[in-house]
Amino acid sequence: MKTLYYITDSTKYDAEEDFFADVFAALRGGVDLIQLREKELSDEEVYARALRIKKEADKYDTPLIIDDRVDVAKKLGVGVHLGDDDMTVKEARAILGENALIGASVKTVERAKEAEAEGASYFGTGALFPTQTKVITRHTSMDTFRAIKKCAKVPVYAIGGINEKTLPELKGEDFDGICVVSAIQYAVDPEAAVKSLRARMKDL
Ligand SMILES: Cc1ncc(COP(=O)(O)OP(=O)(O)O)c(N)n1
Ligand SMILES: Cc1nc(C(=O)O)sc1CCOP(=O)(O)O
Ligand SMILES: [Mg+2]
């Protein structure tokens, strides 16, 4: 069974409570992993949000991952996702320990080999499809995605513009899961969206 990895986005919410309500609904729906991705908040604010989400995620045994901020992850005892502009995977592994989930953004085979050697637990690879969520990103072709998956020993998760419409384009491809932001976060009913994505993932 492929992994359904939900990445949060609070940028379009006026009320923080509405954001938490949708995050908790997605957890109820049954995501496998959850990442708190906050680009504008201070470390203290991210910590406070992460603590609340972790309490809820723990009820479902859903691991929490923090985007970018190794110190916050360390304080919470959770994982971290790192891109090219962040601390290296090697440094983060030294801080978080051998059992921590440490994800790496990987867009080339060279980077895949390097990130794996540094101790990455998984790769987030994309953007496979156009996305409105991360405006500045680089498209990853399906050929590059396949080459990364072929050389990887760790799980490779597809990211970028994945929703019910684009999901069938991944049918028959070898990969380990999908990362989804807007198709869950901004669904009318995030719990139902998770269940629906999960059902469609069975057809891949
Ligand atoms: C699972 C996953 N994959 C890729 C990304 C993108 O990370 P990054 O390149 O560091 O960009 P930002 O998300 O920090 O804008 C991710 N966050 N998660
Ligand atoms: C967080 C992120 N990273 C990307 C990358 O290309 O590395 S694309 C992306 C956003 C994905 O959002 P949505 O599911 O709404 O398209
Ligand atoms: Mg990042």
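Hydrogens, waters and symmetry mates play no part in the numbers below; they use all other heavy atoms, side chains included. Numbering of ligands and ligand atoms starts at 1, following listing order.
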Protein residue, atom and distance nearest to atom 3 (N) of ligand 2, heavy-atom basis: Lys134 CD, 3.2 Å
Thr144 side chain reached by Lys107 side chain, heavy atoms, under 4.5 Å: no
Heavy atoms from other residues, nucleotides or ligands near CG of Asp85 exceed 12 (cutoff 6.0 Å): no
Thr131-ligand 2 polar pair, N/O distance under 3.5 Å: yes
Proximity winner for atom 8 (S) of ligand 2, if only heavy atoms of Gly83, Gly126, Gly160, Ala158 are counted: Gly160
Check: Gly177 main-chain N/O paired with Thr3 side-chain donor or acceptor under 3.5 Å: no
Heavy-atom nearest neighbour in the protein, as seen from atom 5 (C) of ligand 2, with distance rounded to 0.1 Å: Thr137 OG1, 3.4 Å
Distance-only N or O hit between ligand 2 and Cys179, under 3.5 Å: no
Sub-3.5 Å N/O-N/O distance, Ile7 and ligand 2: no
SB check Lys75 Asp71 (cutoff 4.0 Å): no
Salt-bridge criterion met for Glu17 and Arg52 (N-O under 4.0 Å): yes
Atoms of ligand 2 close to Ala127 [distance to a heavy atom under 4.0 angstrom, numbered from 1]: 6 (O)
Sorted by chain and number, the residues that approach ligand 1 to under 4.0 Å with a heavy atom: Tyr5, Ile7, Gln35, Arg37, Lys39, Asp67, Asp68, His81, Gly83, Asp86, Ser105, Tyr122, Gly124, Lys134, Ile159, Cys179
Under 3.5 Å side-chain donor-acceptor pair for Thr88 and Glu118: no
Atom name in Asp68, limited to N/O/S, at shortest distance from the Mg ion (ligand 3): OD1
Residue, atom name and distance, where the atom is the protein heavy atom closest to atom 1 (C) of ligand 2: Arg37 NE, 3.5 Å
Short N-O contact, Lys2 and Asp32, less than 4.0 angstrom: no
NZ/NE/NH1/NH2 to OD/OE distance under 4.0 Å, Arg49 and Glu16: yes
Leu51: partners by side-chain contact (heavy atoms from CB on, under 4.5 Å), with sequence neighbours left out: Tyr47, Leu76
Thr11 and Lys39: side chain donor to acceptor below 3.5 Å: no
Polar proximity ligand 2 side, Ser182 side, N/O cut 3.5 Å exclusive: yes
Salt-bridge present (Glu173, Arg146; N to O < 4.0 Å): yes
Protein heavy atom at shortest distance from atom 14 (O) of ligand 2: Val181 N, 3.0 Å
Close approach of Gly161 to ligand 2, heavy atoms, under 4.0 angstrom: yes
Parallel, tilted or perpendicular: rings of Tyr122 and Tyr5 (30°, 60°): perpendicular
Identity and separation of the nearest protein heavy atom to atom 7 (O) of ligand 2: Lys107 NZ, 3.4 Å
